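Inspection log for the structure reproduced underneath, given as structure tokens.
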Amino acid sequence: AVLGDTLKPREVQTLRRTVRDVLTLIPFTIILIAPITPIGHVLVFGFLQKYFPGFFPSQFSGRRQELFLRYEELRNELT
């Protein structure tokens, strides 16, 4: 894209997901650094997960977790 080429739809989707993940890293870092008790962190992240499900980085989505488990099962079967 930098050189003037057009991106494929899959590349556009990956780029958008990466930018969104980088932007959500900033509030996550602030929440984690804030002097909150461990229970406070659980409450804050529970609230965010319930009311802002798209806020979490894509690595923590249910779909990505299921895919990771499938890869683990496949790797265990092959070894």
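Since the structure is predicted, the reported quantities are computational estimates derived from the model, not experimental observations. Values below: all heavy atoms of this structure, side chains included; hydrogens, waters and symmetry mates excluded.
Between Arg70 and Glu73, none of the side-chain N atoms (NZ, or NE/NH1/NH2) sits under 4.0 Å from a carboxylate O, so this pair counts as no salt bridge.
Atoms CG and CZ, from Leu7 and Arg16 in turn, are 10.0 Å apart once rounded to the nearest 0.5 Å. Once rounded to the nearest 0.5 Å, the distance linking OG1 of Thr18 with CG of Leu23 reads 11.0 Å.
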- request: Go through Glu11 and Lys8 one step at a time and tell me if the salt bridge (charged side-chain N to carboxylate O under 4.0 Å, His left out) criterion holds.
  value: CA-CA 5 Å; Glu11 294 170 333; Lys8 297 176 186 172; 5.1 Å; no

